[in-house]
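Here is the structure we will look at, set down as structure tokens.
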2 protein chains.
Amino acid sequence: MTPEHGAPTTGRDPLAALWSARSVAVVGASDKPGSLGRLPVEFLQRYGYAGHILPVRPDGAPVAGLPSHASLRECVEQHGPVDLAMVMVAAPRVLATVQDCAAAGVPVAVICTSGFAETGEAGAALQDEVVQAAREGGVRLVGPNCIGSVGVATGQVSSFSPLFSGERTELVPGDIGFVSQSGALGYGAVSLAFERGLGLGWVVNTGNEADVSAVEVMRALTLEPGCRGLLAYLETVADFEGLRAVAAAGTPVAVLKAGRSDAGARAAASHTGALAAGDRVVDAALRQLGIVRVDDVDELLDVGDAMTARQRPTGRRVAVVTTSGGSGILAADALEAHGLEVAVLSPETLRVLDEIVPAFGSTANPVDVTASVMSNASLFDRALDVIADDPGVDVIVACFCVLTGKDVDDVVASLARVAERSGTPVIAVRTGADHLAPDAGAQMRAAGIPCYPTPARAVRAAAALVQFSAERPSAPAPVRLSGGPAGYAAEAVPSTGASEQEMKELLAAAGVPVPGGRVATSAQDARKAVAEVGGRAVFKAVVPGLLHKSDAGGVIVGVTAEDAGAAWDKVAALGGEVLVEELVPGGVEALVGVSPSPLGPVLAVGVGGVLTEVLHDVALRVLPVDRDDVEAMVDETRLGALLSGVRGAAPADREALVAAVLRVCDLVEGWPAGFELDLNPVTVLESGRGVRVLDAAYVAPTDPSDPSAPILRQEA
Amino acid sequence: MTPEHGAPTTGRDPLAALWSARSVAVVGASDKPGSLGRLPVEFLQRYGYAGHILPVRPDGAPVAGLPSHASLRECVEQHGPVDLAMVMVAAPRVLATVQDCAAAGVPVAVICTSGFAETGEAGAALQDEVVQAAREGGVRLVGPNCIGSVGVATGQVSSFSPLFSGERTELVPGDIGFVSQSGALGYGAVSLAFERGLGLGWVVNTGNEADVSAVEVMRALTLEPGCRGLLAYLETVADFEGLRAVAAAGTPVAVLKAGRSDAGARAAASHTGALAAGDRVVDAALRQLGIVRVDDVDELLDVGDAMTARQRPTGRRVAVVTTSGGSGILAADALEAHGLEVAVLSPETLRVLDEIVPAFGSTANPVDVTASVMSNASLFDRALDVIADDPGVDVIVACFCVLTGKDVDDVVASLARVAERSGTPVIAVRTGADHLAPDAGAQMRAAGIPCYPTPARAVRAAAALVQFSAERPSAPAPVRLSGGPAGYAAEAVPSTGASEQEMKELLAAAGVPVPGGRVATSAQDARKAVAEVGGRAVFKAVVPGLLHKSDAGGVIVGVTAEDAGAAWDKVAALGGEVLVEELVPGGVEALVGVSPSPLGPVLAVGVGGVLTEVLHDVALRVLPVDRDDVEAMVDETRLGALLSGVRGAAPADREALVAAVLRVCDLVEGWPAGFELDLNPVTVLESGRGVRVLDAAYVAPTDPSDPSAPILRQEA
């Protein structure tokens with residue numbers, strides 16, 4: 001993996017210099033023991049980096065035993081191209097150093113220095129200047145406020161993390177990449193990965209992400225041959241297309257995204273000074289792309305271990321094989337919690353197991369083979385074989401407690417042989433202290449069997465493995481419904497301040513059903529309008545800025561021709577127009593909305609009407625979506641159950657709702673970024689009777705240059 | 001803790017023999033190396049047990065170098081009372097051995113042998129015989145199908161777990177008790193506790209629990225001086241009063257209860273052959289008693305570590321102090337997820353922190369003091385001091401990444417000093433490999449500072465600590481409402497097959513409001529009845545066995561005097577009586593029910609009406625409850641939000657609902673076990689207008705000897 005010195009870098013992603021540079025310059029190097037400016041120079045030597053290590057300091061004095069250079073230009077003159085510069089000078093000198101990088105043709109500068117956007121406005125302004133200089137000079141910037149990167153195979157520890165000072169620290173090579181916005185937490189997690197034996201190939205800390213984002217680094221890593229999985233710690237996500245490209249590459253990806261809570265999100269914003277998409281939007285985007293999201297460092301590394309499994313599942317049906325009833329039950333509980341299925345074993349499998357398993361065990365899944373079978377290699381082998389070959393089994397989770405030294409060799413050999421032969425992935429659980437079988441972990445790892453200390457953790461990792469093996473969604477093409485009216489899309493952009501009635505006309509033109517009706521201009525006209533819509537009507541006030549019409553007495557339901565005059569007077573008194581609409585019978589009330597986010601317009605579909613605020617039950621997707629997405633959104637929320645009919649109610653017209661949602665997506669496709677559309681309630685009538693959008697609100701973009709405003713309403 | 005040999009055991013719980021017996025007999029002992037019948041004899045010697053070790057085998061041959069005895073009687077004759085017998089003979093000989101225990105006056109027999117209820121009906125029958133013999137002979141039985149117990153302070157390893165064969169296994173003494181139904185998983189967890197340095201004082205495995213339950217052992221442990229916390233792994237829970245006694249003792253308790261899922265519950269039932277309360281009932285019971293429930297072995301041990309904290313919080317406001325922004329965000333996320341509060345620091349605290357923390361850190365909670373402050377002992381001390389003294393802070397979570405050897409001493413000294421001085425508990429997080437600071441864990445532990453590898457785990461443990469410090473609920477006295485009608489309770493037991501109308505009369509007599517109305521005996525009578533209830537009525541079929549009246553056309557709403565004849569004819573055609581009721585206006589629909597469970601009658605309160613099956617949003621409590629419980633149940637469900645008024649609706653009469661629930665609890669108190677009562681919907685009208693029970697169903701106990709039937713309906 002070490003590039004040959006002098007090999008051309010043409011065609012390579014310049015970011016590959018973060019892990020396989022031909023030369024690393026350390027600008028602001030120092031000889032003072034323990035100083036940050038000395039550590040990378042020491043580390044590059046200690047971990048066997050074979051490229052040029054080029055300390056840069058004005059006085060040219062040696063650093064950690066190596067000669068230094070007065071400038072980047074001098075480095076290039078004496079040693080050829082510099083692929084990577086670590087910039088460790090004080091904040092006020094960073095701008096000039098980046099300009100030096102540009103002048104010397106250094107393609108990537110890692111700005112370790114802090115004191116930029118994370119400190120407030122002045123720092124942010126300085127950061128902007130530095131970025132501009134970099135862009136002008138053709139230099140890619142990593143950081144500022146970061147701790148550097150590591151190429152494990154090349155020994156390129158271009159980092160000053162204290163991890164690498166540890167007397168007993170060794171790099172553990174592997175084929176997983178690790179990208180972290182946070183330096184300290186990231187390298188802490190890396191140390192935990194190495195400690196558990198999870199080998200990494202690439203480690204990058206992106207800090208403030210003034211230029212290069214973690215997502216871009218991940219994308220570059222998907223191009224590295226041999227990269228089998230990516231783990232990332234992220235605080236902000238703003239690049240949906242980048243994420244989509246990462247996902248499309250097919251490399252398994254797991255993300256620990258911090259900032260789920262309000263307090264966490266505030267802290268994340270102040271930490272990096274970045275503008276972030278709301279957590280629920282990020283959540284939806286990750287799920288949409290098949291990226292596994294985790295909630296803790298342990299969990300991230302557990303999924304990393306799962307990525308090292310040699311076999312991949314073809315489904316979600318899990319057989320649990322255990323030597324302890326307790327572990328089996330905990331595993332079964334976890335299967336349900338993580339959306340996996342307890343495999344139903346075939347009669348033939350059960351028959352064979354019945355011969356093998358003693359009476360105090362259990363042949364039903366979870367299969368408790370008992371410790372006595374486990375300690376008999378040929379019986380254990382046979383039990384595993386028959387389970388692995390059962391066509392109803394996609395994954396085996398094998399649980400052991402207090403595995404002791406003498407059992408380990410046979411057990412590992414069995415698990416590895418069966419997985420290899422059958423192609424069924426095996427995940428092991430060892431709920432017992434390491435010292436009872438000190439080699440077990442390494443043996444399992446060498447055999448490509450991920451191993452966890454508890455059943456729940458193993459099952460969670462298995463669920464990630466199943467998700468990685470599922471078909472990757474590609475970007476759906478914007479939907480064009482064949483049955484839809486044509487020719488409206490380009491022009492049909494609502495005007496700023498569009499009224500409910502205008503929005504309904506626009507929706508109707510796009511094939512989204514709204515109640516029949518019109519504005520009535522007088523009490524007399526209202527009587528006529530009521531007759532037009534069938535004799536019973538809803539009167540609604542159309543008053544700009546009046547958001548909660550019902551509360552203000554601006555909605556009267558069930559108006560007859562007789563009451564029409566009085567009703568018109570009452571509603572007109574609110575100061576706007578009076579909309580007279582067809583009385584739509586009761587149905588299931590849905591919500592359909594589109595809101596802006598830094599990741600693009602976000603579609604919301606969920607439970608609407610009076611239950612909106614009680615349930616907060618809304619599914620989100622970043623647009624574009626296709627029919628499958630919308631169907632999944634309905635099923636993710638209680639809307640699915642409501643539509644299928646509860647307590648004797650007839651099933652509602654789900655098909656019409658899905659069609660209406662797709663037409664809405666179609667309609668908004670050409671709208672300028674930053675708008676918000678809120679259709680609520682959308683009444684879904686009995687099957688075959690369609691839907692009606694009872695209320696429609698539109699908020700025009702307040703500032704087209706800031707696509708994050710207004711705030712996504714569903715996230716409140 | 002070791003009892004003096006020959007000391008009288010009078011007044012002591014006989015179960016204390018599980019950890020501090022004066023003598024342990026091993027019946028079925030064997031000299032064969034590695035045999036289960038030899039291991040306890042070896043272990044008792046190896047771990048320094050000072051009492052008599054008495055192998056029993058018919059031929060009297062030595063076992064592991066110790067002389068053996070031909071019978072228990074001989075043991076007693078030669079060495080005085082035997083406090084504990086481990087029974088390791090084959091299943092068919094267990095009955096006779098228990099009879100021998102009785103004859104020899106052995107108070108506690110641990111039946112290690114398997115082949116009983118866990119194997120099926122024949123085994124269950126044999127188990128019943130053994131239990132009966134034990135009861136007749138005054139012997140308490142632990143097991144069968146168990147691995148024994150350990151007294152750590154006494155070195156009493158009366159167990160054959162392979163854990164104790166480990167070359168490097170050492171007992172780690174401590175003041176936490178560990179009780180497990182599962183042997184293998186239990187001892188696996190114990191080995192993990194010892195590995196992380198979590199000391200235990202007592203370990204008991206209860207197996208099939210034919211006689212002694214884990215709950216009873218826990219109760220005995222609460223009486224042990226020095227026991228500071230209890231951890232338990234349970235598969236079945238059937239003894240609510242026992243659990244209540246454990247909780248009432250005030251010792252912190254955490255339970256890993258397996259069988260959350262259907263598959264897990266089935267496996268648990270087949271594993272021990274026991275009848276268990278449904279998981280949701282257990283969940284409610286544990287919460288009700290202030291017992292912390294966890295979902296994984298890691299989590300159980302994490303809470304065990306929290307129990308060792310020297311200080312206890314007085315509230316739930318947490319200050320996060322970190323040297324890494326990332327850790328702070330993850331901690332804040334976890335605080336929200338676990339119901340803790342992000343403490344709001346006082347202006348004075350912020351002012352002082354502003355002097356200490358550099359610009360690239362953060363003074364707002366989470367407080368990012370930065371690594372530079374951490375490595376300056378006096379600055380770090382000062383920051384911690386001011387935070388600990390802030391009256392708005394109840395707990396400090398201190399996060400470190402890649403803590404290295406040279407930092408540890410100062411950091412630990414600061415944390416320990418501040419916790420000790422201020423009384424504010426400090427919980428530490430070290431997200432970094434052990435080898436970077438190998439002594440850190442032990443130093444933290446010695447200082448009484450629980451330490452975790454990730455922020456999320458630390459916060460979860462902090463949440464448990466907060467829960468332990470909350471006031472313990474004592475058993476509420478059955479509610480007697482002063483305003484309720486008197487004299488009905490004793491007699492007011494519904495008849496088997498009581499109709500809706502009968503139930504409503506019974507409820508009305510108990511002060512639970514139902515709609516006005518009566519049975520109409522003819523079309524003509526129906527017209528009269530409609531007039532009596534105000535001119536608009538609901539007609540309902542009262543047909544025994546007709547559960548879904550609406551689906552069958554047995555409910556007609558809004559009947560006027562004019563329609564009454566036709567409506568009567570239609571409803572009467574269903575073959576039963578016709579109930580004419582007052583038309584109750586719309587309101588919030590609640591559900592109130594009482595169902596049987598092995599833990600006693602369970603009260604359910606939640607969202608009713610058409611949303612019942614869509615939301616499954618019901619809070620449960622084992623009876624009796626008090627007003628605070630009922631208020632909490634309303635708030636646990638969305639009923640709370642619905643009652644407070646959504647989308648412009650007026651607030652509903654929550655007070656009347658709570659009063660009605662209490663009256664229902666009062667009413668059912670004398671009813672025979674096993675009944676089921678289902679009031680749904682209970683319409684809650686506008687504030688001040690009360691509630692009406694619109695439908696009431698009663699199911700009489702099917703078999704009074706089996707309190708588990710019928711199955712709790714809310715659990716479906």
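Note that the coordinates shown come from a computational prediction; the quantities given were computed from them, not determined experimentally. In what follows, chains carry the letters A, B, and so on, assigned in the order in which the sequence lines appear, proteins first and then strands, with residues in each chain numbered from 1.
The shortest distance between side-chain heavy atoms of Leu185(A) and Leu330(B) falls below 4.5 Å. Looking at heavy atoms from C-beta onward, Val172(A) lies out of side-chain contact with Leu198(A) at the 4.5 angstrom threshold. For the pair Phe360(A) and Thr113(B), the minimum side-chain heavy-atom distance is 4.5 Å or more. Side-chain contact check for Phe116(A) versus Asn208(A): some heavy-atom pair is nearer than 4.5 Å. Using a 4.5 Å heavy-atom cutoff, the side chains of Val607(B) and Glu589(B) are not in contact. Within the 4.5 Å cutoff, side-chain heavy atoms of Val297(A) are placed close to those of Leu256(A). Annotation: side chain of Asp695(A) is in contact with side chain of Pro681(A) (closest heavy-atom distance under 4.5 Å). A 4.5 Å side-chain heavy-atom check between Val369(A) and Thr322(A) finds every atom pair outside the cut-off.
Chosen from Gly120(B), Ala359(B), Ala193(B), the residue pairing most often with chain A at heavy-atom distances under 4.5 Å is Ala359(B). Interface check for chain A: of the options Ala184(B), Ser261(B), Ser180(B), the most heavy-atom pairs under 4.5 Å are formed by Ser261(B). Of the listed residues (Gly188(B), Ala433(B), Cys401(B)), the one with the most heavy-atom contacts under 4.5 Å to chain A is Ala433(B). Each of Ser191(B), Ala641(B), Gly166(B) has some count of heavy-atom pairs under 4.5 Å with chain A, and the biggest count is that of Ser191(B). Chain B forms more heavy-atom pairs under 4.5 Å with one residue of Asn365(A), Leu642(A), Asp298(A) than with any other, namely Asp298(A). Looking only at heavy-atom pairs under 4.5 Å with chain A, the residue among Arg196(B), Arg260(B), His435(B) that has the most is His435(B). Chain B forms the most heavy-atom pairs under 4.5 Å with one residue out of Glu167(A), Glu299(A), Glu195(A), and that residue is Glu195(A). For the set Asp262(B), Asp295(B), Thr323(B), Val320(B), the count of heavy-atom pairs under 4.5 angstrom toward chain A peaks at Asp262(B).
Shown here are the salt bridge (Lys or Arg N to Asp or Glu O under 4.0 Å) partners of Arg638(B), two or more places apart in sequence or in another chain: Asp617(B). Scanning for side chain to side chain donor-acceptor pair (under 3.5 Å) contacts around Ser161(B) gives an empty result, with sequence neighbours left out. Arg430(B) pairs by the side chain to side chain donor-acceptor pair (under 3.5 Å) definition with Asp434(B), not counting sequence neighbours.
In this structure, CG on Asn205(B) lies 5.5 Å from CD1 on Ile147(B), to the nearest 0.5 angstrom.
Interface residue Thr431(A): backbone and side-chain heavy atoms are both found under 4.5 Å from chain B. Interface residue Leu615(A): backbone and side-chain heavy atoms are both found under 4.5 Å from chain B. Residue Leu436(A) touches chain B through its side chain alone, counting heavy-atom pairs closer than 4.5 Å. Contact annotation for Thr169(A): both backbone and side-chain heavy atoms come within less than 4.5 Å of a heavy atom of chain B. For chain B, the nearby parts of Pro162(A) are the backbone and the side chain; heavy atoms of each come within less than 4.5 Å. In this structure, no portion of Pro358(A) lies under 4.5 Å from any heavy atom of chain B. If you measure heavy-atom distances from Val614(A) to chain B, the contacts under 4.5 Å come from both the backbone and the side chain. In this structure, chain B has heavy atoms under 4.5 Å from both the backbone and the side chain of Arg457(A).
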Evaluate the ring pair (Phe, Tyr, Trp, His ring centres under 6.0 Å) criterion for residues Tyr187(A) and Phe164(A): first the C-alpha distance (whole Å), next the side-chain angles of each, then the deciding distance (0.1 Å), finally the verdict.
CA-CA 9 Å; Tyr187(A) 280 100; Phe164(A) 303 105; 5.6 Å; yes

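In summary, Asp296(B) and Arg460(A) do not engage in a salt bridge, as defined by a charged side-chain N under 4.0 Å from a carboxylate O.
Residue-level contacts of residues 332-341 of chain B with chain A, in order of numbering, are Ala332(B), Asp333(B), Glu336(B); threshold 4.5 Å between heavy atoms.
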